[in-house]
Amino acid sequence: MKKHVEGAAIRLENCSKTYGSSARALEPVTLNIARGETVVLLGPSGCGKTTTLRMIAGLVAPDKGGRILFDDQDVTDQPIEKRNVGMVFQSYALFPNMTVAENVGYGLKIRGVPRADVKIRVNEMLAMAGLETFANRSIDQLSGGQRQRVALARAVAARPRVLLLDEPLTALDAALRERLRTDLDRLLRSLGITAIYVTHDQQEAMALGDRIVVMSNGSIAQIGRPNEIYFQPANRFVAEFVGAANIVEASLKDGFLELPGGRVQVGSEASSRREAIAMVRPEAISVVPPEQSSWIGRVESTSFLGDRVRISVGEAASTPIIIDAPNSLSVEIGDRVGLVIPPSSVRLLPA
Amino acid sequence: MKKHVEGAAIRLENCSKTYGSSARALEPVTLNIARGETVVLLGPSGCGKTTTLRMIAGLVAPDKGGRILFDDQDVTDQPIEKRNVGMVFQSYALFPNMTVAENVGYGLKIRGVPRADVKIRVNEMLAMAGLETFANRSIDQLSGGQRQRVALARAVAARPRVLLLDEPLTALDAALRERLRTDLDRLLRSLGITAIYVTHDQQEAMALGDRIVVMSNGSIAQIGRPNEIYFQPANRFVAEFVGAANIVEASLKDGFLELPGGRVQVGSEASSRREAIAMVRPEAISVVPPEQSSWIGRVESTSFLGDRVRISVGEAASTPIIIDAPNSLSVEIGDRVGLVIPPSSVRLLPA
Amino acid sequence: MSRTSFVGLCLLPLLITVGLFFVLPVFQLLIVGANSPSGLSAYSAIVTEPRYRQSLIATLVLSVATTLVTVAVATIAGLFLQRNVFPGRAILISILTLPLAFPGVVVGFMIIILGGRQGIVGDLSRAMTGQKVIFAYSIAGLFLGYLYFSIPRVILTIMASIEKLDPQLEEAARSLGAGTWAVHRDVVLPALVPAFIASGAICFATAMGAFGTAFTLAARIDVLAMVIYTEFTLNANIAMAASLSVGLGLITWIALALARSLAGSSVAAAG
Amino acid sequence: MSRTSFVGLCLLPLLITVGLFFVLPVFQLLIVGANSPSGLSAYSAIVTEPRYRQSLIATLVLSVATTLVTVAVATIAGLFLQRNVFPGRAILISILTLPLAFPGVVVGFMIIILGGRQGIVGDLSRAMTGQKVIFAYSIAGLFLGYLYFSIPRVILTIMASIEKLDPQLEEAARSLGAGTWAVHRDVVLPALVPAFIASGAICFATAMGAFGTAFTLAARIDVLAMVIYTEFTLNANIAMAASLSVGLGLITWIALALARSLAGSSVAAAG
């Protein structure tokens with residue numbers, strides 16, 4: 001009884017969504033989510049990530065032709081209350097007329113679980129959330145972080161097949177967000193439940209997701225593991241949305257980018273092209289004395305950020321190049337510096 | 001007329017604050033702020049940073065014995081409307097019954113500046129904020145980022161002696177916050193105005209502050225430049241609040257910390273002590289094969305964060321050691337690894 | 001001038017105004033009530049004298065019934081109107097609020113037009129069943145009149161509350177397996193309780209003091225406000241009128257105070 | 001069953017109820033008004049007949065004056081009470097809301113106790129100046145009575161609005177150099193305009209329809225609600241009563257509709 005049942009595998013087939021007579025909110029999406037996997041839907045607001053989540057939940061019906069399957073069972077026409085999903089919302093959505101324990105036990109009570117069993121399970125859940133002493137508190141006595149823990153305990157108490165999280169950490173402040181993210185990561189791994197997590201925060205997406213689905217304008221821009229998304233973005237949108245990125249447009253000759261500040265070698269992949277849009281991550285660039293590099297620029301600004309120094313270097317390319325250098329580096333505005341990039345860190349993007 | 005007048009130098013002398021009969025909200029504070037300097041008051045909520053800002057503004061009077069001076073002129077008894085300060089709030093605090101241009105021009109209108117001159121200055125300010133086309137919009141047609149730009153333009157339009165910013169970016173989302181932070185930094189440097197900036201976000205504090213005043217429990221914990229605060233925190237509170245920190249309690253012998261996973265050399269500073277509380281920043285630790293180090297641990301978890309990999313290593317000290325390693329590093333949970341720290345990166349804290 | 005002395009300076013005229021304008025009349029009312037030839041007997045007569053007691057009970061019953069029915073009808077209509085979008089919805093809502101524009105006298109008048117001796121309901125019922133239905137002068141007419149002017153106010157308060165409900169509360173309940181009925185029982189109605197209390201209290205207070213409708217209907221039942229009027233104007237029994245006024249005021253004040261302590265300051269503002 | 005047909009099913013009884021209960025009486029009122037022996041003349045008589053015209057004007061003037069004075073007094077008192085903390089503040093607020101518990105009849109009765117022929121103001125003034133001041137039966141008495149029951153409602157609405165004001169708006173204005181007077185003129189009062197409109201409209205509507213107070217005072221001026229009552233009950237001039245009702249309802253409805261379009265739905269909920 002202690003060990004959680006595994007979640008369901010989920011398949012979206014050709015699911016699109018049109019509201020009223022307006023343009024499509026979601027282009028046809030097909031997506032497979034494995035049993036026990038944590039998939040993060042990542043994108044800016046309005047990209048369709050929440051619509052996708054609500055489709056899986058059963059709160060939004062796909063347009064005609066779309067199908068949603070849980071473990072090969074078609075649930076397209078099942079309302080949310082029959083789908084056995086757990087949901088966690090940004091607004092917590094705790095019932096203010098119930099205590100913490102009543103909130104956590106609500107799903108069990110509704111399913112007709114005997115009162116004694118509800119109590120055992122609620123205590124188990126509260127222990128998991130570290131809220132044993134809060135059982136009889138009312139919701140408005142809790143902090144934001146505690147509320148979201150209660151919401152999480154409530155969502156998993158009835159052992160749902162899928163856990164759906166809609167920006168659960170967005171309402172919390174930065175320090176708390178990081179702490180809860182770590183707890184959430186541990187919880188998802190220990191439960192082995194299928195989880196779908198919506199966020200616009202790429203740090204959260206990378207820390208939590210087995211895979212990330214990057215969405216933009218109602219369709220999927222890229223699906224991949226966090227390091228795939230980060231190192232091999234499929235296009236400019238993904239490169240700029242996930243992490244910081246220097247995007248350089250330049251002509252390509254003999255495997256070198258020709259830039260105002262010099263030449264930069266590109267990995268083998270793209271020798272056939274003439275014009276390139278190249279992407280370089282700020283932490284992939286090293287700052288060296290100018291004589292040690294064939295690519296030179298001038299420091300325009302430096303900003304000490306604690307764990308690193310963010311430097312903006314002009315004259316090297318048509319737009320300033322952003323570099324995250326180790327915090328031990330000391331350069332002054334106006335210094336001429338050489339920049340070094342390993343060829344494998346230059347990623348060419350489709351035009 | 002285009003060049004901004006320089007701001008005032010500010011001196012707080014022995015300013016404390018007690019509300020009613022309750023405990024002191026602010027212990028006696030003495031603080032000098034140079035003309036044109038940007039000082040950030042940094043601390044958790046309730047640390048007294050906002051009270052200090054409101055004292056400088058003239059919204060809160062210091063307890064008897066406290067004095068506030070602007071350029072050697074005692075303003076302690078001057079109400080805010082006479083102090084010629086500009087304020088920017090977290091909630092924007094724009095007047096909803098006025099257009100963007102009317103908001104920006106309000107301080108000038110109140111001062112009786114002729115209408116034509118108000119118009120010229122307002123247009124100047126809107127251009128500075130990149131909001132020329134928004135002059136006749138109403139406030140509720142603006143996004144959060146645009147609102148804060150208007151609030152900033154309004155605050156500096158009448159050329160205040162001091163600009164006071166109370167968590168101006170807290171209400172914005174992460175991406176927008178970073179963009180506006182950069183703009184704000186440029187603006188403060190170009191205006192040369194004395195600015196006091198309140199925040200609980202250490203990244204913001206380090207990026208913007210010429211100096212940072214770290215506050216805790218109603219008193220000043222440390223004053224210093226960002227790199228001083230980061231590399232030489234005065235105590236454990238500052239070390240943990242500003243940036244991520246590994247705090248290790250261990251016995252000290254012959255200039256080495258004696259830890260469960262081995263020995264770690266400490267810089268020269270503290271050879272006389274027997275017991276130490278040592279602080280190491282996560283990015284100062286390198287991960288090497290175990291045979292290359294005298295300090296060994298076992299990987300407990302890894303988390304790919306894009307620009308770096310965060311690794312938690314157990315068995316090395318009494319608590320897990322957090323390491324921010326380059327994103328190229330590849331280790332698995334359970335691996336034995338060696339940890340290397342330059343002795344200068346180990347900071348001993350007062351007990 | 002220090003802040004404290006400024007407050008003091010403002011406070012003085014305020015206190016005087018409040019004293020003269022708000023406290024004095026009530027105080028005088030209390031005294032007049034106690035000043036009957038037989039001392040405090042005017043107060044005890046409220047419960048001992050059958051006519052007054054019956055009027056008190058009838059008024060209370062009518063007010064409580066009006067409140068309960070109004071809140072129930074307004075909740076159902078409010079939920080329906082807030083949750084569904086259909087053509088003509090805005091017009092329907094504005095028709096529902098029409099009674100806000102009519103005073104009690106006109107409402108009474110309308111009830112007579114509908115259910116009086118020459119009323120259209122009577123005409124219709126005689127044409128259909130041969131039986132002429134007249135309800136205007138009975139407690140039914142009064143009750144209908146009260147509902148007519150109570151429902152709009154309460155509907156609008158409850159609709160405003162429904163609008164403020166976090167839809168994610170309902171979605172959370174549904175995700176936990178709750179069907180429509182359970183969602184309403186466990187989430188929606190509990191969240192509306194403050195609105196029920198606030199608008200119910202105002203509804204009750206209005207019904208307790210309603211005069212124009214009852215007077216126009218010249219109904220066979222005497223509501224308290226009418227008895228007060230009769231004692232004062234026709235019988236010149238001023239002590240009795242005063243003590244009945246105090247009793248009526250006390251009951252209403254307790255209802256409002258109770259509601260305020262349960263549902264917060266929204267009660268008063270909704271009035 | 002599809003969602004659309006379910007809505008349709010709910011809509012039908014709702015429409016029937018609204019039709020019977022809300023539209024029919026008003027419709028019938030319109031018809032009765034037009035059914036006078038001389039056709040539509042009952043409607044034109046509202047403005048042509050001096051007695052009706054004067055009553056209409058008197059009611060309008062009284063209602064507008066009550067509204068303006070009430071909003072002004074309530075704003076000053078509300079600002080003071082919301083901004084200052086002093087001992088006895090809670091008691092003062094609860095005293096100010098006392099009139100909510102009294103119906104119009106009792107308010108009229110209180111005015112007579114204060115300013116009537118045997119009123120205490122008269123006794124006091126005779127003792128002090130030799131002149132006996134009687135104001136209960138004049139327009140002054142009616143006006144005071146209206147203020148008495150209007151002020152509490154409006155004060156509470158305005159206080160709720162003041163509480164919701166962002167204090168940083170005022171701090172921002174002060175930082176820009178605005179003194180107390182400028183802050184109120186440019187920031188505070190503009191922010192309260194929706195509350196003024198909403199509570200003012202309700203105040204106006206209540207004053208237009210007030211009956212109990214005027215009736216009890218048997219004042220020398222005939223307010224519209226009293227004229228309607230007189231025409232209907234005493235003169236049996238049903239067509240005239242109906243047309244006056246329609247006129248009164250129309251004016252009030254326009255005031256409420258205007259307020260709602262200016263200040264949003266809070267108007268209705270504040271009623």
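Worth knowing before you read on, the calculation uses all heavy atoms, side chains too, and leaves out hydrogens, waters and symmetry mates. Naming convention: chains lettered A, B, ... in sequence-line order (proteins, then strands); numbering from 1 in each chain.
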Check: Val337(A) main-chain N/O paired with Asp335(A) side-chain donor or acceptor under 3.5 Å: no
Gln148(B) side chain vs Phe89(B) backbone, donor-acceptor pair below 3.5 Å: yes
Heavy-atom proximity to chain A below 4.5 Å, by part of [X]:
| X | result |
| --- | --- |
| Arg177(B) | side chain |
| Arg308(B) | side chain |
| Arg186(B) | neither |
| Glu178(B) | side chain |

Among Ala284(B), Ser345(B), Ala207(B), Pro326(B), residue most engaged with chain A (heavy-atom pairs, under 4.5 Å): Ala207(B)
Chain A interface, residue from Ala205(B), Pro282(B), Pro226(B), Gly243(B) that has the most non-hydrogen pairs under 4.5 Å: Pro226(B)
Carboxylate-amine/guanidinium contact Arg298(B) Glu315(B), below 4.0 Å: yes
Interatomic distance, Ile212(B) atom CD1 to Arg225(B) atom CZ [nearest 0.5 angstrom]: 11.0 Å
Structural part of Arg189(A) lying under 4.5 Å from a heavy atom of chain B: neither
Engaged part of Asn327(A) at the chain B interface, taking heavy atoms whose separation is under 4.5 Å: both
Heavy atoms from other residues, nucleotides or ligands near CD of Glu332(A) exceed 12 (cutoff 6.0 Å): no
Beyond-backbone contact of Leu349(A) with Pro233(A), side-chain heavy atoms, under 4.5 angstrom: yes
